[in-house]
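Both backbone and side-chain heavy atoms feed into the values below; hydrogens, waters and symmetry mates do not. Quick note: residue numbers are just sequence positions, from 1. Atoms within a ligand are numbered from 1 in the order they appear, just like the ligands themselves.
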Amino acid sequence: MKRFLTFTLALATVGSVAVAQKSIPHAVRTLTEATNRRTEVVLPQIKGFNCYKCDFHIHTSYSDARVNPAGRVIEAWMDGLDVIAITDHYEGRSGERNFFKVINPYFEGQEPIKYQSANKAKTVKADFNAIHQEAVNQLEKSGYPMLLIKGCEMARNAETHGHFNALFLQDINGLYDEDLAVALRKVKDQGGIVVHNHPAWRRKTSDKTEFHQQVYGEGLIDGVEVANGVTFYPHIVRRCIDEKLAMFGNTDEHFMTAHRYGQAGIHRTMTIVLAKELTEKAIKDAILKRRTIAYSGGYLIGDEPWLVELLNASVDCRLTKVDKKTNEHIYMLTNHSSIPLRLRRGKTIFPLEPFKPLVVSIGKDKQGVEAAQPLFHVENMWVADYKHPKVVLEIDK
Ligand SMILES: [Zn+2]
Ligand SMILES: [Zn+2]
């Protein structure tokens with residue numbers, strides 16, 4: 001009897017353990033919220049054009065950066081961009097060199113594979129179209145409504161030649177030539193455009209070199225980076241206006257944008273392109289017609305007329321009261337864009353934070369501008385010759 005009891009007890013114990021194990025799941029998801037979140041950069045429509053947020057200069061781990069093409073697509077989406085171009089270095093691909101270092105021991109006893117820079121090997125043995133395709137595949141998988149532009153960066157000595165981005169390419173492979181001017185001509189043959197990158201990088205001037213005189217003179221250059229990362233080149237604004245070139249603001253990102261910009265709580269550097277629609281044709285057309293504004297570290301850099309349009313399209317200015325005795329005018333200013341704007345009248349600064357209306361009371365200013373004319377200097381906008389534009393806000397009825 002005792003033996004029977006023990007047996008029954010043992011059975012019951014095994015049974016309860018089995019029941020308990022069944023009710024505990026093998027794996028539990030600790031996060032059930034969707035995380036594919038984007039920080040939208042809200043910009044107004046300007047004269048029938050949409051403001052597209054673009055970065056035409058980004059590197060991946062295939063040249064000398066630390067993020068792969070798929071990561072760049074996801075990162076750009078999260079940063080609120082609409083258009084990106086992966087522009088890996090045609091020359092100088094340390095990622096490739098590191099890769100061979102890692103895999104060579106695997107082929108023990110065989111001649112180690114050595115990476116050779118294009119300049120030394122006189123050719124490039126990498127498939128740049130495949131790099132672009134990796135980004136395209138990620139974009140298709142993610143379903144983001146973004147546009148990817150095919151491109152690359154060509155680089156020579158910073159003192160004599162500098163770096164140039166080739167964009168809107170058909171076929172990236174085969175563009176290399178020892179003579180950089182020949183390579184740039186090949187870009188044009190494909191219907192591509194050329195941007196002169198970071199013109200004062202590793203130089204004490206942004207003036208043109210002999211090589212620049214040659215390629216600008218030949219009409220091979222379509223635009224220049226007035227801002228690269230968080231560096232602004234003020235002299236280049238005048239050059240772009242005089243020579244009818246588009247102004248660009250690009251990250252030239254080699255690490256993670258979250259590291260450089262997100263942790264500092266600032267937006268990612270970008271080129272705002274004013275185009276009718278999000279197609280390659282419309283974006284390229286807008287660049288060739290110079291409808292671009294660079295946005296870097298809070299600075300808006302561009303042609304004065306477009307900056308004035310951007311300001312008036314972003315800011316709602318309502319006259320709420322006029323003091324009959326003093327003629328003081330009270331306005332309510334609301335910035336409907338994501339870009340903080342910094343207005344100044346006389347010595348007073350009016351910071352227009354996004355979506356935070358500011359009520360301001362203004363009288364006749366020291367230059368005799370009447371209160372009825374809401375004229376401001378826009379401190380974070382930069383036009384030619386290192387100046388801020390003076391803008392009379394349109395009063396909304
Ligand atoms: Zn460069
Ligand atoms: Zn670069």
*Asks:* Distance from K244 atom NZ to D303 atom CG, nearest 0.5 Å?
*Replies:* 10.0 Å
*Asks:* Taking D316's backbone N and O only, do any of them form a donor-acceptor pair with H336's side chain (distance below 3.5 Å, no angle check)?
*Replies:* no
*Asks:* For the Zn ion (ligand 2), find the closest N/O/S atom belonging to H59 and write down its atom name.
*Replies:* NE2
*Asks:* If the condition is side chain to side chain donor-acceptor pair (under 3.5 Å), which residues does E159 pass it with, not counting sequence neighbours?
*Replies:* none
*Asks:* So which of R342, R344, K390 actually passes salt bridge (Lys or Arg N to Asp or Glu O under 4.0 Å) with E379?
*Replies:* R344
*Asks:* List-wise, which protein N, O or S atoms are found short of 2.8 Å from the Zn ion (ligand 1)?
*Replies:* E153 OE2, H163 ND1, H198 NE2
*Asks:* Answer yes or no: is there an ion pair linking D189 with R185, defined by an N-O contact shorter than 4.0 Å?
*Replies:* no
*Asks:* One pair to check against side chain to side chain donor-acceptor pair (under 3.5 Å): D171 and N129. What are the steps and the verdict?
*Replies:* CA-CA 7 Å; D171 178 11; N129 296 326; 2.7 Å; yes
